[in-house]
Amino acid sequence: MKKMFRKTMAGVMAAALAVGSLSACGGASKPGNGGAPAGGQDASGNAGNENAGPITGQTLQVMISEEPGEGDALGSALKKWSEETGNEIKQIIISHDDMLSKFPSMAKNNDLPDLVATTRLHQLYPEEFVDMDTVLDLSQFNGSALKIVGKSYTSDTITGIPDQYTTTCMFYNQDAFAAAGIDAPTIDKPWTWDELYENAKTLQEKGGVKYGFAADVSRARYDILMYAGGGSLVQQDGDTFKVAVNSPENIQTLERFVQANNEVMPKAIWAGGTTDNPVEYFKNGDAAILLSGSWNYNTFTTEVSKFTFGVMPTPKGSAGQSAIIGGEALAIPVNGKNPELAKQFVAWLFEKGQYEEFLQIRKEPSVMNGITYTPDTDKAKEDFAIIQNEAGYVTDTFMVDESSSWRTYKDNEYRDALKRAVAGELSAKDALDGFAKALAESSGWDMAY
């Protein structure tokens with residue numbers, strides 16, 4: 001069994017590989033200076049230094065990845081800050097995938113927002129973002145969250161401050177379980193993945209649901225199965241890596257996942273036949289079990305009304321249980337119009353009292369030391385005990401994969417390979433062999449298999 005993340009975190013992240021910066025095209029100044037001339041003023045006319053008074057009467061442009069919904073913690077915080085400071089908020093909504101493709105052009109054309117809520121841009125293009133050590137006392141923050149969510153892929157610089165710290169987890173329809181006569185697994189007595197698939201069949205037959213199981217169309221969600229089965233994307237090879245995504249363990253895991261899509265899952269989603277969101281399938285009662293993440297908990301508490309939902313521990317594979325931690329960071333482009341205004345908001349958000357209020361709306365694990373989300377019901381307390389326990393299932397293999405920065409060479413191609421296997425276009429072996437070869441060629445790494 002793989003050693004768990006909590007035992008090895010300190011030494012794993014040192015091997016990140018280089019990724020190209022956009023600073024040459026965007027003309028970025030040194031991170032941390034806010035893009036203001038030395039000794040000069042920012043775009044609002046306020047001096048670009050710590051001695052300047054609060055900035056007022058300006059507009060903060062914030063780029064987010066989706067329309068804010070009910071229980072939007074960041075939106076609530078922005079509104080409150082706007083009212084307190086007299087500044088305006090302009091939200092720019094660009095989907096996650098579009099952010100990745102459009103950001104280079106935005107940087108090149110000097111058309112960057114002041115603040116970005118992102119999962120990766122600050123890690124891929126660190127020279128385009130302010131060093132958060134110049135904005136906040138980073139000792140206040142959870143070290144794991146900073147390393148996984150906030151750190152540049154190319155150095156130890158924290159280029160984004162986590163506003164969301166999440167873990168993958170599984171939700172289930174308690175009413176469907178009761179109708180099917182199934183007891184939910186517990187932390188002490190988790191299911192195996194084989195048991196999950198078998199129980200998913202029973203749920204379809206007796207639980208009044210269309211699908212026993214659904215999973216986000218994300219390679220990170222699929223990788224939960226991969227790590228539990230003893231696989232990985234790469235292997236450490238001295239100071240470099242070998243591509244291992246087509247290992248026998250991974251092929252076996254993908255073969256079983258393809259079978260599950262044919263038997264107990266909404267196959268069209270993973271096969272690319274529809275853009276339907278499996279989260280919606282769970283919310284409307286069509287799917288009994290959902291593999292997604294803790295970020296959905298707040299939404300489910302306000303939007304699931306047809307049934308009672310619960311949280312269950314991730315099943316075991318041959319190598320044990322597996323989870324992936326991640327989240328979203330607030331990052332400040334050095335060449336935005338108002339970087340100092342963005343710094344002002346970020347500093348305000350992470351003041352103790354304000355962050356506590358933010359966290360109660362967010363309903364997620366805290367990124368700040370000594371501050372925790374306090375559920376207001378016994379049910380929520382039970383659910384969060386399971387969610388917070390998931391972080392202990394993060395494996396060494398995940399940490400090695402992260403340290404390789406493999407996504408800087410190939411990214412969406414991995415998910416595409418998985419989808420082609422589910423669709424029946426390729427066998428599991430051919431799909432993984434093809435991606436392994438492409439990753440090896442792009443990265444210059446040898447292949448382990």
Side-chain angles (χ1 to χ4, degrees), residues 29 31-37 39-94 106 110-118 121-122 128-138 140-141 150 158-164 298 328-364 366-368 371 373:
S29 54
N33 69 0
Q41 294 182 325
D42 60 28
S44 67
N46 292 277
N49 59 63
E50 296 179 357
N51 296 322
I55 303 171
T56 61
Q58 299 298 311
T59 297
L60 181 70
Q61 296 188 43
V62 184
M63 187 164 74
I64 58 178
S65 62
E66 59 186 12
E67 289 281 355
E70 187 175 351
D72 173 29
L74 180 58
S76 297
L78 286 164
K79 181 180 179 182
K80 180 180 178 182
W81 175 79
S82 173
E83 292 171 349
E84 288 185 4
T85 63
N87 292 299
E88 298 292 326
I89 303 296
K90 180 182 178 181
Q91 291 187 334
I92 303 167
I93 302 171
I94 300 179
M106 295 173 72
N110 290 318
D111 188 28
L112 292 171
D114 307 312
L115 185 68
V116 180
T118 177
L121 292 177
H122 62 297
E128 294 294 329
F129 292 95
V130 169
D131 180 350
M132 282 297 174
D133 194 34
T134 68
V135 181
L136 294 162
D137 175 7
L138 299 185
Q140 303 175 87
F141 293 86
I158 304 301
T159 48
I161 201 71
D163 70 306
Q164 182 185 54
N298 193 17
E328 175 186 88
L330 297 178
I332 303 172
V334 294
N335 283 328
K337 294 181 177 63
N338 271 320
E340 296 301 323
L341 189 61
K343 292 180 184 180
Q344 181 175 303
F345 169 74
V346 169
W348 172 88
L349 178 62
F350 290 102
E351 291 174 356
K352 183 175 185 296
Q354 180 52 45
Y355 181 70
E356 287 174 335
E357 181 179 325
F358 172 85
L359 194 61
Q360 288 304 115
I361 300 174
R362 186 70 107 174
K363 292 182 172 63
E364 290 177 348
S366 172
V367 300
M368 297 194 75
I371 298 176
Y373 162 59

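Starting from 1, each residue takes its place in the sequence as its number. No hydrogens, no waters, no symmetry mates; every other heavy atom, side chains included, goes into these values.
For Asp114 and Lys90, the salt-bridge test fails: no basic side-chain N is under 4.0 Å from an acidic carboxylate O. Under 4.0 Å is where a charged nitrogen must lie from a carboxylate oxygen, and between Lys343 and Glu340 at least one such pair does.
In plain terms, the two heavy atoms of Pro113 and Pro333 that are nearest each other are O-CG, 3.3 Å. When all heavy atoms are compared, the tightest approach of Thr118 to Ala331 is CG2-CB, 4.3 Å. When every heavy atom of Leu359 is checked against every heavy atom of Glu364, the shortest pair comes out as CD1-O, 3.2 Å. Of all non-hydrogen atoms in Leu349 and Ala77, the two that sit nearest each other are CD1-CB, 3.8 Å. Contact record, Ile161 with Met132: N-CG, 3.9 Å, taken as the closest heavy-atom pair.
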Test log, rule side chain to side chain contact (heavy atoms under 4.5 Å, CB included), inputs Leu330 and Leu74: CA-CA 10 Å; Leu330 297 178; Leu74 180 58; 4.2 Å; yes
Worked check of side chain to side chain contact (heavy atoms under 4.5 Å, CB included) between Ile55 and Thr85: CA-CA 8 Å; Ile55 303 171; Thr85 63; over 6 Å; no
Begin with the C-alpha distance, continue with both residues' side-chain angles, and end with the deciding distance and a verdict on side chain to side chain contact (heavy atoms under 4.5 Å, CB included) for Lys79 and Ile89. CA-CA 8 Å; Lys79 181 180 179 182; Ile89 303 296; over 6 Å; no
Check step by step if side chain to side chain contact (heavy atoms under 4.5 Å, CB included) holds for Val116 and Leu121. CA-CA 9 Å; Val116 180; Leu121 292 177; 4.1 Å; yes
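One finds the CG atom of Leu115 at 7.5 Å from the CG atom of Leu78 (value rounded to the nearest 0.5 Å). Between the CD atom of Gln58 and the NZ atom of Lys337 there is a distance of 12.5 Å, given to the nearest 0.5 Å. Atoms CD1 and CG, from Ile332 and Leu341 in turn, are 9.5 Å apart once rounded to the nearest 0.5 Å. Taking CG from Asn338 and CD from Gln61, the interatomic distance works out to 8.0 Å, rounded to the nearest 0.5 Å. Taking CD1 of Ile371 as the start and CD of Gln360 as the end, the distance is 10.5 Å to the nearest 0.5 Å. Distance check: Glu84 CD to Gln354 CD gives 7.0 Å after rounding to the nearest 0.5 Å.
Among Phe345, Trp81, Phe358, Phe141, the single residue meeting the ring pair (Phe, Tyr, Trp, His ring centres under 6.0 Å) criterion with Phe350 is Phe141.
Side chain of Thr159 to main chain of His122: a donor-acceptor pair is present (N/O by atom type, distance under 3.5 Å, no hydrogens or angles). With hydrogens and angles ignored, the 3.5 Å screen pairs a side-chain donor or acceptor of Tyr355 with a backbone N or O of Val367. Using a distance-only test at 3.5 Å, with no hydrogens or angles considered, no donor-acceptor pair links the side chain of Asn87 to the main chain of Ser82.
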